[in-house]
Amino acid sequence: MLLNNGNDINSRQSWRVWVKMAEYLASIFGTEKDKVNCSFYFKIGACRHGDRCSRLHNKPTFSQTIVLLNLYRNPQNTAQTADGSHCHVSDVEVQEHYDNFFEEVFTELQEKYGEIEEMNVCDNLGDHLVGNVYVKFRREEDAERAVVELNNRWFNGQAVHAELSPVTDFRESCCRQYEMGECTRGGFCNFMHLRPISRDLRRQLYGRGPRRRSPPRSHTGHRPRERNRRRSPDHRHGRF
């Protein structure tokens with residue numbers, strides 16, 4: 001009987017140790033203290049070391065969020081003249097180009113796959129983040145279907161590379177110093193530098209439902225005037 005009691009005590013102690021260890025491992029998962037899993041991939045869905053990283057990149061099997069890798073091309077980084085020299089593009093032109101890109105991608109993805117809660121585009125320069133477009137759908141099933149179908153598509157002359165992303169809370173992924181205008185690492189920072197869209201476009205996109213294709217009528221019975229934004233030839237051929 002005493003032997004049985006001793007075994008029971010040892011079993012309970014072993015169980016408590018195992019539970020504490022499991023709780024500790026869960027608490028550090030994806031943090032800098034985690035020596036097994038890559039904290040950057042967990043927070044950002046990308047890592048500058050890529051496949052050479054010494055820690056695991058646990059790619060999700062289901063998620064609300066997808067990433068379209070290197071999809072956005074900032075004209076200030078890519079514009080060149082015929083002789084190969086860099087061509088100056090004004091900030092106003094860049095914002096107009098970006099708003100056009102954002103609206104087309106957001107609208108088409110939402111109409112084809114389902115309601116989008118949030119979409120963000122990286123303005124970083126590092127290869128693992130440059131031009132990444134993160135799209136968080138309301139439903140995981142919509143995100144899964146989007147990944148399957150988009151990997152067979154082209155956009156603006158380039159093949160689309162889509163995958164599920166572990167990122168669901170962009171507050172943890174963003175560079176706080178960048179948001180305050182104080183990031184000293186510039187475009188090669190390893191946290192997201194998210195490029196904002198114009199206020200009018202944000203109000204237009206996030207103020208409508210997933211299948212609402214035309215603006216509502218005002219109290220006078222007329223539809224509000226659409227924003228008249230010039231679209232470049234490249235943008236017109238950018239559909240998926």
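When a residue number appears, it is its place in the shown sequence, counting from 1.
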Members besides Leu125 in its Ile/Leu/Val/Met/Phe/Trp/Tyr cluster (side-chain heavy atoms under 4.5 Å): Phe188
Parallel, tilted or perpendicular: ring planes of Tyr72 versus Phe101, cut at 30 and 60 degrees: tilted
Least distance between heavy atoms, Ala143 atom then Gln64 atom: CB-O, 3.5 Å
Arg195 and Asn74, any side-chain heavy atoms less than 4.5 Å apart: yes
Shortest non-hydrogen contact between Glu172 and Lys43, atoms and distance: O-CD, 4.2 Å
Flag side-chain contact, heavy atom, 4.5 Å: Leu194 against Cys122: yes
Gln110 and Glu115, any side-chain heavy atoms less than 4.5 Å apart: yes
Beyond-backbone contact of Leu164 with Thr61, side-chain heavy atoms, under 4.5 angstrom: no
Derivation and outcome, side chain to side chain contact (heavy atoms under 4.5 Å, CB included), residues Leu150 and Ile66: CA-CA 10 Å; Leu150 289 172; Ile66 69 171; 4.0 Å; yes
Donor-acceptor under 3.5 Å (Asp99 side chain, Ile197 main chain): no
Asn132 side chain to Asn70 backbone, donor-acceptor under 3.5 Å: yes
Non-hydrogen side-chain atoms of Val105 and Phe155 separated by less than 4.5 Å: yes
Backbone N/O of Ser165 and side chain of Ser63: donor-acceptor pair under 3.5 Å: yes
Any donor-acceptor pair under 3.5 Å from Arg145 side chain to Lys112 backbone: yes
CA sep, side-chain torsions, deciding dist, call: Asn120, Met192, side chain to side chain contact (heavy atoms under 4.5 Å, CB included): CA-CA 10 Å; Asn120 293 297; Met192 291 183 188; 5.7 Å; no
Full working for side chain to side chain contact (heavy atoms under 4.5 Å, CB included) between Leu71 and Gln158: CA-CA 8 Å; Leu71 189 69; Gln158 61 181 346; 3.8 Å; yes
Gln95 side chain to Asp91 side chain, donor-acceptor N/O pair below 3.5 angstrom: no
Heavy-atom closest contact (Val167 atom, Thr65 atom, distance): O-OG1, 2.6 Å
Side-chain heavy-atom pair Leu205, Phe102 within 4.5 angstrom cut-off: yes
Any Asn58 side-chain heavy atom under 4.5 Å of Phe42 side chain: no
Side-chain donor/acceptor of Asp127 to backbone N/O of Arg48, under 3.5 Å: no
Worked check of side chain to side chain contact (heavy atoms under 4.5 Å, CB included) between Tyr41 and Lys59: CA-CA 9 Å; Tyr41 184 80; Lys59 296 190 176 184; 3.1 Å; yes
From Thr168 atom OG1 to Glu118 atom CD, the distance as rounded to the nearest 0.5 Å: 10.0 Å
